[in-house]
Chemist: 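Once you've had a glance at the structure underneath, I'll fire off some questions.
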Amino acid sequence: MTELAPSILAADFAALGEAVAACEAAGADRIHIDVMDNHFVPNLTLGPEAVAACRRHTGLPLEVHLMIERPDEILPAFVEAGAQLLTVHQEACPHLHRSVERIHRLGAQAGVGINPATPVSLLDVILPELELALVMSVNPGFGGQAFIPATLDKLRAVRARIDASGRDVRLEVDGGINHDTIAAAAAGGADTFVAGSAVFGKPDYRAVIGDLRARAAAAMPCT
Ligand code: DX5
Ligand code: ZN
């Protein structure tokens, strides 16, 4: 099933509570929270306190996209703050299997993301452990960037691996998702779509989310 995950990176940081509540009212499926450390990516954003603050304003699942080096020590704080799913980056975790194990031991779902230049094969060993695989369709760090078309082949490759495994793993795409790009990403096999500027750049969140969902559903390959 198609799921839409608005990224609050594009929201007004002075009014995050209102932003997540508005996304819920507009029919979003989950809230995507981008955490950046100014090391793994050249930007600095939110921590566990912001996740806890969002938690107070929505009942939707909160997924935390950790664009931070060596995240292990801070994983518990995000679960305590109310996150359901934590996504770490393959490139940022020297002991990726241990990081994923930690997330599960904390009682959360685990995702692993790969950057546009990271080969899909680096997900192979960890894929059987995951609830979500994330294919970045921009270089992480900023909202509002253009979708990188070369990542479509990677979506297709990860989709084939998930289908071959027979496991229920969500395939998420993040970066540059909008009315023009979501159909190609859905046709490539994504089922979970992060959208930041496409949602928060418009006055009517419900209309945007509905339109994105319809375009994705129409383009999804028949299984
Ligand atoms: C980028 C973030 C994305 C970002 C997407 O590093 O991981 O979640 O918010 O923003 P848009 O949808 O504007 O590309
Ligand atoms: Zn993200």
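Both ligands and their constituent atoms are indexed starting at 1 by order of listing.
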Chemist: Return yes when atom CZ of Arg98 has more than 12 non-hydrogen atoms of other residues, nucleotides or ligands closer than 6.0 Å, and no otherwise.
Modeler: no
Chemist: Heavy atoms, side chains only, cut-off 4.5 Å: are Val199 and Leu4 in contact?
Modeler: no
Chemist: Numbering the atoms of ligand 1 from 1, which are under 4.0 Å from a heavy atom of Met136?
Modeler: 7 (O)
Chemist: Counting from 1, what ligand 1 atoms have a heavy atom of Val194 closer than 4.0 Å?
Modeler: 8 (O)
Chemist: Quick test: of every protein heavy atom, which one is nearest to atom 6 (O) of ligand 1, and how far off is it to 0.1 Å?
Modeler: Gly141 N, 2.8 Å
Chemist: Take atom CD in Glu18; do more than 12 heavy atoms of anything else shown fall under 6.0 Å from it?
Modeler: no
Chemist: Rounded to the nearest 0.5 Å, how far apart are CZ of Arg215 and CD1 of Ile182?
Modeler: 9.0 Å
Chemist: What atoms of ligand 1 come within less than 4.0 Å of a heavy atom belonging to His65?
Modeler: 7 (O)
Chemist: Donor-acceptor check, side chain of Gln145 to backbone of Gly175, threshold 3.5 angstrom: yes or no?
Modeler: no
Chemist: List the closest protein heavy-atom neighbour of atom 1 (C) of ligand 1: residue, atom name, distance to the nearest 0.1 Å.
Modeler: Phe142 O, 3.5 Å
Chemist: With carbon and hydrogen excluded and only N/O/S kept, which atom of Asp174 is nearest the Zn ion (ligand 2)?
Modeler: OD2
Chemist: For the residue pair Asp34 and Thr45, confirm or rule out a side-chain donor-acceptor distance under 3.5 Å.
Modeler: no
Chemist: Return the closest protein heavy atom for atom 9 (O) of ligand 1 as residue, atom name and distance.
Modeler: Ser7 OG, 2.8 Å
Chemist: Atom 4 (C) of ligand 1: which of Asp34, Val138, Thr181 has the nearest heavy atom?
Modeler: Asp34
Chemist: Judged by modelled atom types alone, do Ser121 and Asp124 share a side-chain donor-acceptor pair under 3.5 Å?
Modeler: no
Chemist: What N/O/S atom of His32 is the closest to the Zn ion (ligand 2)?
Modeler: NE2
Chemist: Which residue and non-hydrogen atom of the protein lie closest to atom 10 (O) of ligand 1, and at what distance in Å?
Modeler: Gly143 CA, 3.5 Å
Chemist: Is it the case that the side chains of Thr118 and Glu91 hold a donor-acceptor pair, with the cut-off being a distance below 3.5 Å and no angle test?
Modeler: yes
Chemist: Can you confirm whether more than 12 heavy atoms, excluding those of Arg70, are under 6.0 Å from its CZ atom?
Modeler: no
Chemist: Looking at Asp168, I want to see if its CG is surrounded by more than 12 non-hydrogen atoms of other residues, nucleotides or ligands under 6.0 Å.
Modeler: no
Chemist: From the N, O or S atoms in His65, identify the one nearest to the Zn ion (ligand 2).
Modeler: ND1
Chemist: Out of all atoms in ligand 1, which are within 4.0 Å of some heavy atom of Met36? Include the element for each.
Modeler: 6 (O)
Chemist: Measure the distances from the heavy atoms of Ala195 to every atom of ligand 1 and state whether one is below 4.0 angstrom.
Modeler: yes
Chemist: For ligand 1, is there an atom lying under 4.0 Å from some heavy atom of Ala198?
Modeler: no
Chemist: Under the 3.5 angstrom rule, does the side chain of Ser137 hit a backbone N or O of Asp174 as a donor-acceptor pair?
Modeler: yes
Chemist: Looking at the Zn ion (ligand 2), which N/O/S atom of Asp34 is the nearest one?
Modeler: OD1
Chemist: With heavy atoms only and a cut-off of under 4.0 Å, state how Ser197 meets ligand 1: side chain, backbone, both or neither.
Modeler: both
Chemist: Whether the side chain of Gln84 engages the backbone of Leu62 through a donor-acceptor N/O pair (distance < 3.5 Å, no angle test) should be reported.
Modeler: yes
Chemist: List every atom of ligand 1 that sits less than 4.0 Å from any heavy atom of His32, numbering the atoms from 1 in the order shown and giving each element.
Modeler: 8 (O)
Chemist: Run the numbers for me: atoms of ligand 1, each under 4.0 Å from some heavy atom of Met67, listed by number.
Modeler: 6 (O), 7 (O)
Chemist: Could you identify the single nearest non-hydrogen protein atom to atom 5 (C) of ligand 1 and state the distance to 0.1 Å?
Modeler: Asp174 OD1, 3.5 Å
Chemist: Evaluate the ring planes of His65 and His89, with Trp represented by its six-membered ring, and classify them as parallel (under 30°), tilted (30 to 60°) or perpendicular (over 60°).
Modeler: parallel
Chemist: Could you tell me, atom by atom, which parts of ligand 1 come under 4.0 Å of a heavy atom of Gly175?
Modeler: 14 (O)
Chemist: Do me a favour and list the nearest non-hydrogen protein atom to atom 14 (O) of ligand 1 with residue, atom name and distance?
Modeler: Gly176 N, 2.8 Å
Chemist: Search all heavy atoms of Ala185 against all heavy atoms of Leu155 and return the closest pair with its distance.
Modeler: O-CD1, 3.8 Å
Chemist: For atom 12 (O) of ligand 1, find the nearest protein heavy atom and state the residue, atom name and distance (0.1 Å precision).
Modeler: Gly196 N, 2.8 Å
Chemist: Please could you name the atoms of ligand 1 that Pro140 approaches to less than 4.0 Å, counting only its heavy atoms?
Modeler: 6 (O)
